[in-house]
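Contents: one structure, followed by commentary.
Position 1 is the first residue of the sequence; numbering continues from there. The figures that follow rest on heavy atoms only: side chains count, while hydrogens, waters and symmetry mates do not. As the structure lists them, so they are numbered: ligands from 1, and atoms in each ligand from 1.
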Amino acid sequence: MKKIMVIAGARPNFMKIAPLLKELENYKDQFTVMLVHTGQHYDFEMSESFFQDLEIPAPCVHLEIGSETHGIQTGLIMMTFEKLLQKEKPELVVVVGDVNSTLACSLVATKMNIKVAHVEAGLRSFDRTMPEEINRIVTDSISDYLFVSEESGCLNLEKEGVNKEKVHFVGNIMIDTLLSNMAKIDKSVILKNHDLQTKTYAVLTLHRPSNVDSKESLLEIYEILKNTAQKIKIVYPIHPRTKKMMERHSLLNLFEELDNFLLINPLGYMDFLHLVKNSKLVLTDSGGIQEETTLLKVPCLTMRENTERPITIDEGTNILVGRNKARILEIVDTALSKHLNGSKIPQFWDGNTARRIVNVLTQKI
Ligand code: UD1
């Protein structure tokens, strides 16, 4: 029996591990699976609610790290995870995405000569001021099995000189979760709860340090939202980091008092995806939401200068807009008056990614 440890720590990890854990259940005679939660995210809305919505089994181990600076958070995860690995000695550690937990756990495992699989490998924004970009580069450079969600990932890894045998183009695991939960997503009553009508509002999410950490950028965003809200109602489930920053800069009241702007707590998975699916457009700086809107064919205005997920622009509904107010307002006008250009679903975003990953693992470990 081989032992596999699956790591999750922050909100965007949970929808990536859910299908993997489910698929691994079919191989109970071959693998013992241990789920480890690092505790990078800990609020009910940022963690537990996803375990409930996505029926993820309770973690075997919770490292309870919590929020800290990057160095301390990464270091604390490494210290506690090393002890766990010494005790459990798994054959494989699976990490997903690009958060600090991904980096910390892959680094510890590889130094103990334990194989590492990285799900969502190869994505590059080519912007090293983004903490996630450092996490991606380091994790990929030390992982043994690289599971890639879109073709750009394969090209990036090839350019970085990664041995082709390590790279497996398997598609997007988050899409497995989205497709398999569509009936439940459709049943959400979140629109009714907030008195919203289908396709009459925009959804906003913002949490990147480059957008929310400084007073200047928050004020720029305020101007953009004030103007956009004159055209369409905006619904904003606020990330705790952003709330904290708005409070620190004494700006929360300003945002709360915006007209045609609904500021709400973070939502669970089904409610959030229902909100997105039925929206007219999305404004975001998230990574995963660029992909979910592509699948759902909802126009996505990404408030960043770059994306590590270029397929969402080339084939999907994504448009990079940064904090360019004029451009944002122009695209909002277009989205409101006509259908934006047709999009298609990228290769292997078909709900079978977990199956493809586990198929590789059964042959390799
Ligand atoms: C992390 C990931 C980011 C991901 C995002 C999704 C890293 C480097 N960043 O960013 O890639 O897109 O999660 O949410 O790993 N906080 C709470 N409650 C929580 C969690 C966080 O209040 O449950 C607040 C704390 O004030 C904390 C801040 O949010 O200091 C930032 O949390 P952190 O985990 O450091 O990074 P995120 O911004 O959430």
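Within 6.0 Å of atom CZ in Arg355, 12 or fewer heavy atoms from other residues, nucleotides or ligands are found, so the atom counts as exposed in its surroundings.
Of the options Pro209, Pro240, Gly288, Gly39, the smallest heavy-atom separation from atom 22 (O) of ligand 1 is shown by Pro240. Residue Gln40 holds the heavy atom nearest to atom 7 (C) of ligand 1 of all those in Gln40, His70, Gln73.
Proximity of Glu68 to ligand 1, defined as any heavy-atom pair under 4.0 Å, is not found for any part of the residue. Only side-chain heavy atoms of Met46 come within less than 4.0 Å of ligand 1; its backbone N, CA, C and O stay farther off. Only the side chain of Lys244 comes within 4.0 Å of ligand 1, judged by heavy-atom distances.
One N or O on the side chain of Asn135 and one on the backbone of Asp98 form a donor-acceptor pair closer than 3.5 Å.
Taken to the nearest 0.5 Å, the CD1 atom of Ile142 stands 5.0 Å off from the OG1 atom of Thr110. In this structure, CZ in Phe147 is found 13.5 Å from CD in Glu120, a value given to the nearest 0.5 Å. Atoms CZ and CD, from Phe169 and Gln347 in turn, are 4.5 Å apart once rounded to the nearest 0.5 Å. The structure places CD1 of Ile4 at 8.5 Å from CD of Gln30, a figure rounded to the nearest 0.5 Å.
Scanning all protein heavy atoms for the shortest distance to atom 12 (O) of ligand 1 gives His207 NE2, 2.8 Å. For atom 3 (C) of ligand 1, the closest non-hydrogen atom on the protein side is Glu132 OE2, 3.1 Å. The protein heavy atom nearest to atom 27 (C) of ligand 1 is Ser67 OG, 3.1 Å. With respect to atom 16 (N) of ligand 1, the closest heavy atom belonging to the protein is Tyr42 OH, 3.6 Å. In this structure, atom 38 (O) of ligand 1 lies nearest to the protein heavy atom Arg241 NH1, 3.1 Å. The protein heavy atom nearest to atom 14 (O) of ligand 1 is His239 NE2, 2.9 Å. In terms of protein heavy atoms, atom 2 (C) of ligand 1 is closest to Val99 CG1, 3.7 Å. The protein heavy-atom contact nearest to atom 39 (O) of ligand 1 is His41 NE2, 2.7 Å.
Considering backbone and side-chain atoms together, Asn135 places no N or O closer than 3.5 Å to any N or O of ligand 1.
Across all non-hydrogen atoms, the minimal contact from Glu292 to Tyr269 is OE2-CE1, 4.2 Å.
Side-chain contact annotation: Ser188 with Asp271, donor-acceptor N/O pair under 3.5 Å present. A donor and an acceptor atom, one from each side chain of Gln40 and Thr38, are nowhere located under 3.5 Å apart.
Taking every heavy atom of Asn100 and a limit of under 4.0 angstrom, the matching atoms of ligand 1 come to 7 (C), 8 (C), 15 (O).
Looking at Arg11, His41, His37 one by one, the single match for side-chain hydrogen bond (donor to acceptor under 3.5 Å, both in side chains) with Ser47 turns out to be His37.
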